[in-house]
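Structure, as structure tokens:
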Amino acid sequence: MSNRILHQGLKAKVMSAEAAAALIPNGSVLGMSGFTGAGYPKAVPIALAKRALDEKLKGKALKLDVLTGASTGPELDTMLSTVEASRFRYPYQGDAVTREKINAGLIEYQDMHLSHAGTQVRYGYYGKGKNNIDFAVIEVTKILEDGTAVPSSSCGANNVYLEHCDKIILEVNSWQDERLLGMHDIISMNPIHGERREIPIYKADDRKGSQVWKFDVSKVVAVVESSHPDRNAPFKPPEEIHKRIAQHILDFFDGEVKAGRLSKHLNALQSGVGNIANAVLVGLNTGPFDRMISYTEVIQDGMLDMLDSGKLTAASATAFSVSPEGQIRFNKNIDTYRKQIILRPQEISNHPEVIRRLGCIAMNGFVEADIYGHVNSTHIAGKGIENGIGGSGDFARNSAYTIFMSPATAKDGKISAIVPFASHIDHTEHDVSGIVTEYGFADLRGRSPKEKAKEIIEKAAAPEYRPILWDYVKRSMKNPSFGLHSPHMYSEAFAFHQRYLASGDMRPKK
Ligand code: COA
């Protein structure tokens, strides 16, 4: 047994992952740790998947409701989805096999704002028991003598799952660095609405909570040891197109500083993950702004670079999402990063109250945006859901600046990211300040829908799509299905998507 389990009573609960998985009855609701491939349990889900396969061969189906913080990794989502053991999935996923099963109708998926996930569990929407969910299955770094646990590389919704479950299974992962102790700030929310006080985060780097998970030790039925690494996807250097998108955003910030609306420290930054977000961080690291701070969801390699260079003074998030090289650098400098990085439960990292207080600058990817500024972050025509809304809605609705970014086209120009009517709407025009592509920054602030359409088509749409978008706008103005505030023609609003489904190209045949 490793020296990571110091509580005497919990030492007696150590067992194999298979034995722990066998304790979980068919039909259980599981609240698991895990956020952007960090801090998710690995050994128990693998054992559950093996058990599901054995039971399937015997003609029985193991079906579980799987709640997490956000996306996990192959040991959890890929394994459980491959053997079809996930009946229901909540509140976010980003796994190829899970996506395929959801879109095939084999997994029920509820895509939810990440700041709301815990509240909805507290209200008892996911389980019938007294405590709402059956098991919390949580990865931790270490169990201390007093029966508290050092969190691992994400916080997610673990606080809620530990509190609102009947039984707890802890996975103690020796791959996680023990020096994570002190990096987390666990603020407990009063679950009763009407009795809640303000969240005492006034600056992005405030620390007001506990460094460890506190839970009822008598609920722990198993402790499992593991040593699996987090998912840690490799970092891809930004491509030319991503750098161009990033440059438009940096130029926009420059304009805001010149206009006196932002200082050269900018406001607290929120940055999604992926190539464009990384390119923005690379640009910020070499640009004119300094002593910035981040109040975000995820810490990626670009943020570590900015902390190293001193451009960023501190970063608050709920999880890491770093490359294998980023992980080595993180472990090497962990004593410095511990003073600069704060990991919080997702209901705090994404809380509207704090985001508004800090006036965050939100920068997230989009799938498609329409001419009036409504944004689809989740659904792809002909395919279905891609990942989920994640925290993009938490930040979009509440930030001072809400910027969505994407290449102007996909699939070699056959798809336009700017369409007449978004085929699914995650963020409405009321939430969006800017739509950015490699062609430019469409600034939607202070504009009516028709003025937004002009800005989006002229600045953000790909040049080959501009004439057909203008054609739609002009004919909608002449023959609107509902007035001239945001003119549309019901009969043609989805013509781009219909053409794509019929011919594989959104552009009309010449
Ligand atoms: N129509 C059809 N397909 C499209 C498309 C569109 N309008 N836009 C993109 N695609 C395809 C791409 O071609 C790519 O397909 P492939 O996997 O077959 O290559 C796929 O969708 C993903 O596109 P990509 O450009 O690689 O996206 P990305 O990695 O930049 O991610 C989102 C973009 C929107 C999927 C991603 O940002 C996301 O999941 N956002 C929602 C959650 C979020 O914002 N989280 C951060 C919150 S804090």
Side-chain angles (χ1 to χ4, degrees), residues 35-37 69-71 91-96 99-100 103 111-115 156 233 235-236 238-239 241-242 245-246 269-280 294-300 303 316-319 321 346 349-351 355 360-370 375-399 402-424 426-427 431-432 435-438 460-462 465 494 496-497 499-501 504-506:
F35 201 108
T36 48
S71 60
Y92 182 87
Q93 67 79 36
D95 173 66
R99 180 182 303 139
E100 192 186 303
N103 288 323
D111 179 25
M112 178 49 61
H113 297 297
L114 297 181
S115 73
F235 173 77
K236 287 193 246 157
E239 293 169 26
I241 190 167
H242 306 128
I245 297 170
L269 303 167
Q270 180 266 327
S271 164
V273 290
N275 291 329
I276 307 174
N278 260 319
V280 175
S294 161
Y295 197 79
T296 188
E297 195 178 276
V298 173
I299 310 266
Q300 59 276 66
M303 291 239 170
S316 161
T318 191
S321 178
Q346 68 195 57
S349 66
N350 289 24
H351 201 287
I355 296 168
C360 286
I361 299 175
M363 296 172 282
N364 292 298
F366 69 92
V367 171
E368 65 183 11
D370 69 29
V375 170
N376 168 10
S377 290
T378 54
H379 283 67
I380 290 184
K383 189 169 159 194
I385 196 156
E386 182 72 2
N387 300 321
I389 192 167
S392 59
D394 296 323
F395 285 92
R397 172 60 54 92
N398 299 296
S399 289
T402 294
I403 299 168
F404 282 100
M405 49 207 191
S406 164
T409 60
K411 308 291 176 211
D412 300 323
K414 296 189 182 79
I415 293 172
S416 172
I418 308 297
V419 291
F421 205 132
S423 55
H424 174 93
D426 294 292
H427 316 286
D431 299 332
V432 183
I435 303 276
V436 196
T437 69
E438 66 274 33
Y465 280 96
F494 295 114
F496 278 41
H497 301 88
R499 262 197 307 272
Y500 176 69
L501 294 180
D505 198 321
M506 282 188 171

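All ligand and atom numbering here is 1-based and tracks the order in the structure.
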Practice problem: Please identify each residue that fulfils salt bridge (Lys or Arg N to Asp or Glu O under 4.0 Å) with Asp111, with sequence neighbours left out. | Solution: none

Exercise. Compute whether any side-chain donor of one residue and acceptor of the other, for Asp431 and Thr402, lie under 3.5 angstrom apart.
Key: no

Self-check item: Phe404 and Phe366 aromatic ring geometry - parallel, tilted or perpendicular at 30°/60° bounds
Solution: perpendicular

Quiz prompt | Arg397 NZ/CZ over Phe395 ring centroid, <6.0 Å and within 45° of normal | solution = no

Self-check item: Donor-acceptor side-chain pairing of Ser392 and Asn364 below 3.5 angstrom
Solution: no

Does ligand 1 have any N/O atom under 3.5 Å from a protein N/O, and what are those pairs and their distances?
from     : atom 1 : to     : atom 2 : distance (Å)
ligand 1 : 7 (N)  : Val367 : O      : 2.9
ligand 1 : 13 (O) : Lys411 : NZ     : 3.3
ligand 1 : 15 (O) : Lys411 : NZ     : 3.1
ligand 1 : 18 (O) : Lys411 : NZ     : 2.7
ligand 1 : 39 (O) : Asn387 : ND2    : 2.8

Practice problem: Please find out if less than 6.0 Å separates the ring center of Tyr500 from that of His497. | Solution: no

